[in-house]
There are 2 protein chains.
Amino acid sequence: MNQELTPIDDEQAIEIFKALSNQTRVSILQMLKDPENNFSSQAHVTKDEGFEGGICVSDIRSKIGISQSTTSQYLTILLQSGLVEMKRIGQWTYYRRNEETMKKLEKYIGLKI
Amino acid sequence: MNQELTPIDDEQAIEIFKALSNQTRVSILQMLKDPENNFSSQAHVTKDEGFEGGICVSDIRSKIGISQSTTSQYLTILLQSGLVEMKRIGQWTYYRRNEETMKKLEKYIGLKI
DNA sequence: TAGAAATATCGCAAATTATAGATATGCATT
DNA sequence: AATGCATATCTATAATTTGCGATATTTCTA
């Protein structure tokens with residue numbers, strides 16, 4: 001079946017590259033690759049809510065060691081570029097990787113650059 | 001035989017992402033994909049010198065329409081990130097894409113991010 | 001309904017990047 | 001050796017990004 005992905009355009013690609021040109025934001029993405037391992041609790045919460053692998057802002061913050069406001073801003077940048085997706089559940093906001101964007105980015109580099 | 005490429009590390013990847021987070025620099029890379037087509041003359045020069053596909057700075061400049069100093073600076077940024085390589089021949093400096101870095105970047109995104 | 005906790009947004013100073021003009025350097029020609 | 005190109009580097013200013021504390025907003029709970 002293999003649904004074709006709509007490719008990203010130059011503008012979106014550049015927004016992604018900007019998001020990736022910061023070590024802390026790249027580290028956040030890398031941490032989110034293995035939520036179970038990097039973040040002890042909560043796995044069941046997001047799973048039950050249909051948002052498996054989602055991690056809340058404060059967990060990311062304590063793992064990375066930057067301020068709350070910077071954490072929130074970085075996640076917004078990652079969200080707007082499409083590299084992560086989020087879901088609010090109660091007072092928590094959970095973020096997880098958007099693997100589809102990763103694949104699109106890989107294709108963009110292979111084909112368009 | 002397929003020689004394995006030494007992978008790039010986070011630091012180099014971020015330098016590459018910075019280089020790519022500018023529309024003009026991305027355009028330069030895209031133009032260099034098809035040197036024959038985008039740049040009329042000179043093809044034979046670089047070929048004879050063992051640097052096929054190389055384009056000189058002033059040709060790139062006139063195609064893109066930015067100042068000479070900005071062109072030179074952008075090419076230096078692309079060079080330092082490894083996305084292009086260069087060869088000086090006489091009074092000209094020729095630049096061409098470094099496809100190996102492209103492949104490494106694709107792998108980096110698929111495996112490390 | 002008054003706190004408390006989690007997150008987002010605002011406003012700011014510091015650092016970095018963008019871009020260009022001016023100048024320097026290297027090479028070729030006379 | 002003087003001049004003319006091609007390119008690189010220097011210097012400066014405007015624009016953007018970084019990262020934080022302060023404040024606002026949302027949601028939960030007593």
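Lettering of chains follows the sequences in order, A, B, ..., and the numbering in each one begins at 1.
With hydrogens and angles left out, the side chain of A:Gln68 and the base of C:dA8 share a donor-acceptor pair within 3.5 Å. B:Ser69 contributes a side-chain N or O that forms a donor-acceptor pair with the base of C:dA20 under 3.5 Å. Under 3.5 Å, the side chain of B:Gln91 and the base of D:dC5 form at least one donor-acceptor pair of N or O atoms.
The neighbour count for B:Lys47 NZ, taken as heavy atoms of other residues, nucleotides or ligands under 6.0 Å away, does not exceed 12.
In this structure, B:Arg96 satisfies the cation-pi test against B:Phe51, with its NZ or CZ atom closer than 6.0 Å to the six-membered ring centre and inside 45 degrees of the ring normal.
Of the candidates C:dA6, D:dT9, C:dG21, D:dT9 carries the atom nearest the B:Ser72 side chain, counting heavy atoms from C-beta on.
Look at B:Thr71 and you won't find any side-chain N or O under 4.0 angstrom from OP1 or OP2 of D:dT7. Dashed line: the shortest gap from a side-chain N or O of A:Tyr95 to OP1 or OP2 of C:dA6 is not under 4.0 Å. Contact between the side-chain N/O atoms of B:Asn22 and the OP1/OP2 oxygens of C:dA18 is found at a separation under 4.0 Å. For D:dT7, the OP1/OP2 oxygens have a side-chain nitrogen or oxygen of B:Ser58 closer than 4.0 Å.
Using a 4.0 Å heavy-atom distance criterion, B:Thr70 is classed as a base contact.
Of the two residues contacting DNA chain D, namely B:Thr76 and A:Arg25, the nearest-nucleotide position lying further toward the 5' end is that of B:Thr76.
Rounded to whole Å, atom P of C:dC10 lies 10 Å from atom CD of A:Gln73. If you measure from atom CD1 of B:Ile14 to atom C1' of C:dT17, you get 16 Å, rounded to the nearest angstrom. With rounding to whole Å, A:Phe17 atom CZ is found 14 Å from C:dA18 atom P.
In this structure a side-chain-to-backbone donor-acceptor pair under 3.5 Å is missing from B:Arg97 to B:Met31.
No side-chain donor-acceptor contact under 3.5 Å links B:Tyr108 and B:Asp9.
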